[in-house]
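As the structure is a prediction and not an experimental result, all values here were calculated from the model. Per chain, numbering begins at 1; letters A, B, ... match sequence-line order. Reckoned from all heavy atoms, side chains included, excluding hydrogens, waters and symmetry mates.
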Protein chains: 2
Amino acid sequence: MKDYEKRFVRYLSENSLKLTRTRRLILDAVFKTHDHVDVDTLYNMIKADHSDVSLATIYRTMPLLVEAGLIKQSLRYQSKDHYEHVFGHRNHIHLLCENCGKIIEISGRHLEEFLKNETQKHSFEFIDYTLNVTGLCHKCRKALNRKIKR
Amino acid sequence: MKDYEKRFVRYLSENSLKLTRTRRLILDAVFKTHDHVDVDTLYNMIKADHSDVSLATIYRTMPLLVEAGLIKQSLRYQSKDHYEHVFGHRNHIHLLCENCGKIIEISGRHLEEFLKNETQKHSFEFIDYTLNVTGLCHKCRKALNRKIKR
DNA sequence: TACATTTTGAGAATGATTCTCAATATTTTC
DNA sequence: GAAAATATTGAGAATCATTCTCAAAATGTA
C-alpha cells in the first residue's frame, strides 16, 4: 500500500468513514496526475476504465482528500477549481504565464520562513500559503519582443 | 474629477468606449468600498439608490475596470470572485483567518523584491502576484486555545 | 439634429458544484 | 457468516455565479 493510501485509510477510519472501491479509484487517479487537476479531468480519467463512477462522488471525495492532508485547492483556472498534491510535496510558488497559460513551479522554501516571520508580527498563526505570480514565461517574452520589433 | 475617474475616462476613450451613467455609478460604488468587493455586494449597494441598474452590466463592467488598471481580481471567497483596488494601492499580502473568515492585509514590499529576483532566475517576467496566507487570527487563536485547555 | 455605434436591462442560458433520495456497499454485531 | 446498522453511491434535479442574447435606449460624432 502506498504511503498516501495509508494516510487516507487512517483518515477515513479516524472519522468513521468507509474505504470504498470508488474512493480508492479517485485517490489513485489523483495521485496518477502530476501537476494540477480539476474534477472534470479526474472524471474523464476514471470514466475510461470505470464508466459507473459518478461525477458527484468525485466532488464529494475531494474535500475528504483535502481534510486528510493529501491535496489542497491551489488554483482557480478556466472557471474551475484545481487541486494539487500536498502529501510528499513541499509548498511552492506558481508562475502563471499570462500569454500561454503555462504553470511553472518554483521552490518556496525561503518564502515560508519569511511568511512565518511576517505573520508573527501580526499575531497571526501561519498555517499555509498560496502564491501565484503572473507574468510572461521565457518563450512568450521572446516571442512578444519579436512581434514588437517588427 | 477623482484620479480614478480620470484614469477610467482615459481608458474608455482610448478604446472607443463610452462613459455612461451606469458605468460611472459602478466605478463610484467600487471606490466607495474599502476592502474587497464582489459583484453581488456592488449590485446591492447600487440598487439602493438606482434600482434600474442591472446585475449583468456590473458583470460586464468589472473587466473594464481591471483592464484600466483600477482593480484586480484578488480572491475567491464564498464561491464568488472578489475584487480589490489596485489604483493608489501597493500590492499586499492577505492573511485569511480559517476560523472567522477575517481578512487582514499586510505590506508586501519586501516580498515584491524577493519575487522579482526569484522569477528572474527562471527567466520569467514578473508582472504581479497574489499571496493568500491561511491561518488563525489573534482572536481566534486565543479562543481556540482556551477551548482546548478546558 | 440625425446617424452610426455602444450600451443597457431583463431574462434566458450555461457550467461548475451541491443536493436529494432510493438502491447498494461496507462494517459491525451476534 | 448472516443480519442489522450505518455510510456511500449514481443519477438526475437543483443551485448559484457568471455569461449571453436581443430589442430598446443612450452616447459621441458629423
Name the nucleic acid region contacted by [X], choosing base, sugar-phosphate or nothing; use a 4.0 angstrom heavy-atom cut-off, strictly under.
X       : value
A:Asp81 : sugar-phosphate
A:Val53 : sugar-phosphate
A:Asp52 : sugar-phosphate
A:Asp40 : nothing

Worked check of side chain to side chain contact (heavy atoms under 4.5 Å, CB included) between B:Phe124 and A:His138
CA-CA 6 Å; B:Phe124 187 90; A:His138 187 54; over 6 Å; no
Whole angstroms only, please: what is the [atom1]-[atom2] distance between [X] and [N]?
X       : N      : atom1 : atom2 : result
B:Arg76 : C:dA16 : CZ    : C1'   : 9 Å
B:Tyr59 : C:dT8  : OH    : P     : 16 Å
A:Gln78 : C:dA16 : CD    : P     : 10 Å
B:His50 : C:dG9  : NE2   : P     : 12 Å
B:Phe8  : C:dT7  : CZ    : C1'   : 12 Å
A:Leu12 : C:dA25 : CG    : C1'   : 15 Å
B:Leu25 : C:dT8  : CG    : P     : 10 Å

Is any side-chain N or O of B:Thr22 closer than 4.0 Å to OP1 or OP2 of C:dG9?
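Checking C:dG9 against B:Thr22, a side-chain N or O does come within under 4.0 Å of OP1 or OP2.
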Any side-chain N or O of B:Arg60 under 4.0 Å from OP1/OP2 of C:dT7?
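The answer is no; no side-chain N or O of B:Arg60 sits under 4.0 Å from OP1 or OP2.
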In terms of side-chain heavy atoms of B:Leu17, which of C:dA16, C:dT6, C:dG9 is nearest?
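Among C:dA16, C:dT6, C:dG9, the one nearest the side chain of B:Leu17 is C:dT6.
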Which of these nucleotides, C:dT26, C:dT8, C:dG9, is closest to any side-chain atom of B:Arg23?
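Closest of the options to the side chain of B:Arg23: C:dT8.
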Taking the nucleotide of DNA chain D with the closest heavy atom to each, which residue, B:Leu55 or B:Lys18, is nearer the 5' end?
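Of the two residues, B:Leu55 wins.
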Can you name the closest pair of heavy atoms from [X] and [Y] and give their distance?
X       : Y        : answer
A:Asp38 : A:Asp81  : CB-O, 3.4 Å
B:Ile71 : B:Val86  : C-CG2, 3.5 Å
B:His94 : B:Asn132 : ND1-OD1, 3.0 Å

Carboxylate-amine/guanidinium contact A:Arg21 A:Asp52, below 4.0 Å
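Salt bridge present between A:Arg21 and A:Asp52.
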Using a strict 4.0 Å threshold on nitrogen-to-oxygen distance, state whether A:Lys121 and A:Glu118 make a salt bridge.
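Answer for the salt bridge query: yes.
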Kindly write out the residues that satisfy side-chain hydrogen bond (donor to acceptor under 3.5 Å, both in side chains) with B:Lys6, not counting sequence neighbours, or none if the list is empty.
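With neighbours one apart ignored, the set is empty.
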Starting at the 5' end of DNA chain C and moving along, which residue's nearest nucleotide shows up first, B:Leu19 or A:Thr20?
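Final value for this comparison: B:Leu19.
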Using a heavy-atom cut-off of 4.0 Å to chain A, what are the terminal contacting nucleotides of DNA chain D, in 5' to 3' order?
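For DNA chain D, the relevant span reads D:dT6 to D:dG12.
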